[in-house]
Amino acid sequence: MKKLILTGIAILCMVLCSSCTKALDIQDYFEIEVTGFDGHATAKVTTDATEFIADVFEKDSDLTWSAEIEALALFGDMRVELDKTEGISNGDEITATIKGYKEDKFKDKLNIKFSSSSFKIKVSGLEQATEIDPFEGLVVTYSNISPNARAVFDNSGCDEAVRDNVSFSYDNNNCANGDTIKVTANFNERTMLSKGIVFTSTEKEYVVAGAAYYVSTLDDIDSASAEGFEAEYLDQVVSKLAGMGIIVNKEVSGSKLSEVYVIDQWLVTDIVYVPKKVVILSAKESNAYTHNQYTVLWEVSITAEKTKAEYYKDDTGYNVGDVKTVVSCIETSTTNIYVNAEGNIDMPAANTIKTTVHGLNIDAAGRADEMTAKNRAEYTVTVSDYK
């Protein structure tokens, strides 16, 4: 009977002790803090250990200094996990769950417990961010020459926030007209959100157009440019022949007008320059050093009158006073000509016109065939009658 009474007393004490355990509200010490703008806000948890210690000692004034240290340790073991921390909007609910909460130790050491191990809040009051398309007003042009063109970005027509905070890059340093490039807007998203600005996109595709390009066919050359080339090339042909001494109303050695060496004299009476063929070489590889070559093949008719016989014998078949006409094929060419962004034919400043005299044994058509056979492995060869 005595044992039963003692057991009953012990149970009663346990019940009474349990009823003395104080319950604390977890939200008094852990707070969900939401900052930023609607749709783009972030959440984090702040803690208040000082308030916790104050409440613990208020609940039990008999706690010792060592008990306070124990309380801080137990409180520090707890952490809070949020079910959402980014991209938060007005109306969202965020739940905080306490991890590391050791209820038995809180009861045994501090005679307290938390009324729950989780809580939630409903978000409201977030301001609206300003949305800006970073590509609106951006002008993309191209430097260099297709297929090695490079994009150039002009943001002067963009919003001030774009001009001050965004740089642009793209995924293909060497591009050709018709290619698609992906342009990226680069910025610090966190910085922009702190200013209440949201850029609505980070990438946009552009089709390369309007870049200068190398001439590949005769159709790329307008008539005005063709006439300009003809005038320049003709000057070179005239200059080349003059360098050889072949000038109207000037005597020239017969060796200049024959495939065999002769030293009789002829007076040049007329020279007729006729552009016969246009040959365009267009490189098959985009990284070729010579992207193209524009060539005009001339047939130059030289008419002369014999004025003096050979010094030792005259077996040329011509007598003094005879007139003959010889035809020479002369080649004039320029490399890497291109159509610039304004649509005009242009060429690198360092380019020069190369002039070659092929003599009397080949005509323009024959020279065009030679050029085709020699270059067709590396170049697309287009041969046209000069118009």
Side-chain angles (χ1 to χ4, degrees), residues 10-132 161 165 187-200 202:
I11 293 173
L12 178 61
C13 289
M14 290 175 64
V15 171
L16 290 175
C17 287
S18 177
S19 65
C20 293
T21 299
K22 304 299 181 181
L24 302 180
D25 187 349
I26 195 70
Q27 286 186 262
D28 290 340
Y29 317 110
F30 295 93
E31 181 181 359
I32 300 174
E33 183 179 292
V34 180
T35 57
F37 295 83
D38 187 24
H40 307 278
T42 59
K44 67 178 182 179
V45 176
T46 60
T47 60
D48 191 347
T50 301
E51 182 68 20
F52 171 72
I53 293 301
D55 287 350
V56 168
F57 275 86
E58 182 183 345
K59 303 292 184 186
D60 191 343
S61 58
D62 295 331
L63 289 173
T64 62
W65 174 254
S66 62
E68 181 177 346
I69 299 300
E70 180 105 36
L72 285 172
L74 290 172
F75 186 81
D77 285 341
M78 293 190 299
R79 67 185 188 280
V80 179
E81 292 183 357
L82 302 180
D83 64 345
K84 189 170 188 178
T85 59
E86 297 179 339
I88 298 170
S89 305
N90 287 323
D92 287 352
E93 284 191 343
I94 303 176
T95 299
T97 303
I98 308 302
K99 302 293 184 180
Y101 170 45
K102 302 170 183 176
E103 184 175 344
D104 291 343
K105 287 192 175 183
F106 273 87
K107 287 181 179 179
D108 292 344
K109 303 291 185 179
L110 306 175
N111 199 32
I112 62 171
K113 67 177 183 178
F114 291 111
S115 56
S116 69
S117 60
S118 66
F119 64 95
K120 69 170 113 177
I121 64 167
K122 187 172 184 177
V123 179
S124 62
L126 295 175
E127 295 181 4
Q128 295 294 319
T130 300
E131 293 189 344
I132 298 173
N165 298 280
F187 55 89
N188 188 306
E189 185 175 10
R190 187 179 297 246
T191 298
M192 301 317 299
L193 286 175
S194 70
K195 298 178 180 181
I197 295 174
V198 174
F199 291 126
T200 56
T202 59

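- Rounding to the nearest 0.5 angstrom, the gap separating the CG atom in Leu82 from the CD1 atom in Ile88 is 8.0 Å.
- Enclosure of atom CD in Glu103 by more than 12 non-hydrogen atoms of other residues, nucleotides or ligands within 6.0 angstrom is indicated.
- Between Ile53 and Ala71, the shortest heavy-atom contact is CD1-CB, 3.7 Å.
- Between Lys195 and Asn165, some side-chain heavy-atom pair lies under the 4.5 Å cut-off.
- Phe30 pairs by the ring-ring contact (aromatic ring centres under 6.0 Å, His included) definition with Phe75, not counting sequence neighbours.
- Summarising the geometry, atom NZ belonging to Lys22 is positioned 14.0 Å from atom OG belonging to Ser115; distances are rounded to the nearest 0.5 Å.
- A side-chain donor-acceptor contact under 3.5 Å links Asp38 to the backbone of Asn90.
- When all heavy atoms of Ala129 and Phe37 are compared, the pair lying nearest together is CB-CB, 3.7 Å.
- Here His40 contributes atom NE2 and Gln128 contributes atom CD; the two are 8.5 Å apart, rounded to the nearest 0.5 Å.
- Between Leu126 and Val123, the shortest heavy-atom distance links the atoms CD1-CG1, 3.6 Å.
- For the atom pair OG1 of Thr97 and CD of Glu81, the computed distance is 7.0 Å after rounding to the nearest 0.5 Å.
- Interatomic distance, NZ of Lys113 versus OH of Tyr101, reported as 7.5 Å (0.5 Å rounding).
- Within a 6.0 Å sphere centred on NZ of Lys84, other residues, nucleotides and ligands contribute more than 12 heavy atoms.
- Within 6.0 Å of the CD atom in Glu93, the count of heavy atoms belonging to other residues, nucleotides or ligands exceeds 12.
- Looking at Leu74, Ile112, Ile26 one by one, the single match for side chain to side chain contact (heavy atoms under 4.5 Å, CB included) with Phe52 turns out to be Ile112.
- When each of Asp55, Thr50, Asp48 is tested with Tyr29 by the rule side chain to side chain donor-acceptor pair (under 3.5 Å), just one qualifies, namely Asp55.
- In this structure the side chain of Thr42 reaches within 4.5 angstrom of the side chain of Thr35, judged on heavy atoms.
- Environment of CD in Glu189: sparse, with no more than 12 heavy atoms of neighbouring residues, nucleotides or ligands closer than 6.0 Å.
- Ile94 CD1 to Ile32 CD1: the interatomic distance, rounded to the nearest 0.5 Å, is 5.5 Å.
- Residues passing the side chain to side chain donor-acceptor pair (under 3.5 Å) test with Lys102 are Asp77, sequence neighbours excluded.
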